[in-house]
Amino acid sequence: MKKIRLAIVGATGLVGRTVLRVLEEKNLPIDEYVLFASKNSAGKKLRFRDRDYIVQELNNLSFDSGFDYAIFSAGGTTAKKYAPIAAEKGCVVVDNSSAFRMDNDVPLVVPEVNSEEIKNNHGIIANPNCSTIQAVVALKPLDDKYKIKRIVYSTYQAVSGAGRNGVLDLENGIKDYVQNEDNYSSIKFTKNGAKELNNLQNATDNTLSLNTNYKLQKFNYPIFSNCLPHIDVFLDNGYTKEEEKMINETRKILKRPDLKITATTVRVPVFNSHSEAINVEFENNFDLTELKNTLSNSPGIIMQDDIENCIYPLAINAYGNDEVFVGRIRRDYSVDSGINLWVVADNIRKGAASNAVQIVEKML
Ligand code: A2P
C-alpha cells in the first residue's frame with residue numbers, strides 16, 4: 001500500500017510547533033512526516049512522536065521525493081515561492097499565510113463551516129486568518145438561520161499571533177517593568193504627558209528609550225501595558241490589512257460577497273488566544289433562547305454564557321483548546337434584530353494549527 005507522506009513547513013515556528021503537537025494528539029493515518037524550515041534551522045533536532053526529527057532546509061527540490069500533503073506555516077513569501085512547486089508535484093498544500101486566501105481557485109476553509117470546499121482545490125487550500133476563523137464558526141449557524149445583514153468586529157488579539165518576536169516584546173516588557181517599576185510609576189503619574197509622547201514619536205531607532213530598556217522586536221510601540229490599534233500594515237483607506245482580511249475572508253467563507261462588515265483589530269498584552277466583540281444585525285427576527293440553542297448545537301462551539309455565575313469566555317481558558325468559546329450573548333436594542341456576542345479561541349490552535357490539521361484530516 002502507498003505510504004502517506006506529510007511535509008510540515010515552518011516546523012520551528014510558533015504555529016509549526018503547534019502543528020506538531022496537534023498531530024501528536026490526533027494520531028492520523030500518516031506514514032511519514034518531514035519537517036522543513038529555513039536554512040538557519042537546517043540540522044536542528046525537533047522531538048516529535050517520541051523521536052528526534054532533523055529539520056531540513058526548504059528548497060526547490062524539497063517536494064521531488066513525493067508528498068501527499070503539506071502544512072505551510074512559514075509566512076507569505078515562502079508560501080508564494082514553494083506552495084506552487086509542491087502543488088505541481090502532486091502535493092496538496094494547506095497554507096497558513098494570507099498569500100492565496102483571496103484567489104478564486106483556492107478554497108478558504110474552516111472545516112466546521114465549509115468543508116465541502118476542500119474538494120474544489122487545485123493543489124492549494126488556504127487556512128483563513130486566525131481572527132476570521134473563530135468569528136465564522138460562531139456566525140455561520142446564525143447566518144443560515146437568521147440571515148446576517150451587517151457585522152461589526154472589534155478584536156482583542158494576543159501577541160502570539162505576531163509570531164515569536166511578538167511574544168518576545170511582551171516578555172521583555174514585563175521583565176523591564178519588574179526591574180524598573182519606579183520608572184513606570186513616574187511616567188504613569190507625570191503631568192507632562194505631551195512632552196513624553198513627543199519623545200516617543202521622535203525615537204529614531206526602534207528603541208523607545210523613554211520607558212523601554214529593551215529593543216522592540218516586532219511592534220512599533222511597547223505592547224506591555226498598552227493596546228495597539230494596528231495589526232499588519234495600514235492601507236490607503238485608513239484600515240489595516242488585518243481588518244481588510246477579516247472583512248474579505250468572512251464574505252468569501254460565508255459566500256456572502258456583498259455582506260456589510262466593518263472591523264477594528266487591536267493587539268493587546270495577552271500571550272495567547274484572541275477575544276472578539278462581535279455585533280451582528282439580522283434580516284430576520286429571532287428568539288434569543290432559540291438563537292442560543294442554535295449556537296450550542298453547532299459544531300466546534302462551547303457556550304459559556306451564564307452571567308449569573310460570571311461565566312463567559314476567557315483567553316486563559318481557551319488556551320490549548322480547539323473549540324471556539326461563545327458568551328455574553330445579548331440583544332442589541334439599538335436595532336430591530338441584532339445581537340452582541342463575545343467570541344474567544346486559541347489563535348495558534350484553532351486559529352491556525354488545528355484548523356490546518358483538521359483540513360488534512362478531512363482529506364485523509
Ligand atoms: P526558521 O526557524 O528556520 O527561521 P514564526 O512565525 O514563529 O516566526 O515562524 C516562522 C517559521 O517559518 C519558522 O519555522 C521559520 O524557520 C520558517 N521560515 C521562515 N523563512 C523560511 C524559508 N525561507 N523557508 C522555510 N521556512 C522558513
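In each ligand, atom 1 is the first atom listed, and ligand 1 is the first ligand listed.
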If we only count N/O pairs under 3.5 Å, is Ser41 in contact with ligand 1?
yes
Donor + acceptor pair across side chains of Lys350, Gln358 (<3.5 Å):
yes
Polar atom proximity, Gly13 to ligand 1 (N or O, under 3.5 Å)
yes
Cationic tip of Arg51 above Tyr53 ring, under 6.0 Å, 45° of axis
yes
Just checking Phe72 against Tyr82, ring centres under 6.0 Å apart?
no
Polar atom proximity, Ser38 to ligand 1 (N or O, under 3.5 Å)
yes
Option with minimal heavy-atom separation from atom 10 (C) of ligand 1, where the choices are Gly16, Ser73, Gly163
Ser73
of all protein heavy atoms, closest to atom 24 (N) of ligand 1 is Thr78 CG2, 3.6 Å
May I ask you to check whether Tyr153 and Thr250 show a side-chain donor-acceptor distance below 3.5 Å?
yes
Nitrogen or oxygen of Leu14 less than 3.5 angstrom from that of ligand 1
yes
Within the 3.5 Å criterion, strictly below it, is a donor on Asp332 or Asn340 matched to an acceptor on the partner's side chain?
no
Do the charged groups of Arg349 and Glu25 touch, with an N to O distance under 4.0 Å?
yes
Taking atom 18 (N) of ligand 1 as the reference point, the nearest protein heavy atom with its distance
Ala74 CB, 3.9 Å
Show the atoms of ligand 1 that are less than 4.0 angstrom away from any heavy atom in Gly10.
11 (C), 12 (O), 14 (O), 17 (C)
If I compare all heavy atoms of Ala11 with all of Leu20, which pair ends up nearest, and what's the gap?
O-CD1, 4.1 Å
Identify, for atom 16 (O) of ligand 1, the protein heavy atom at the shortest distance, and state residue, atom and that distance.
Thr12 OG1, 3.3 Å
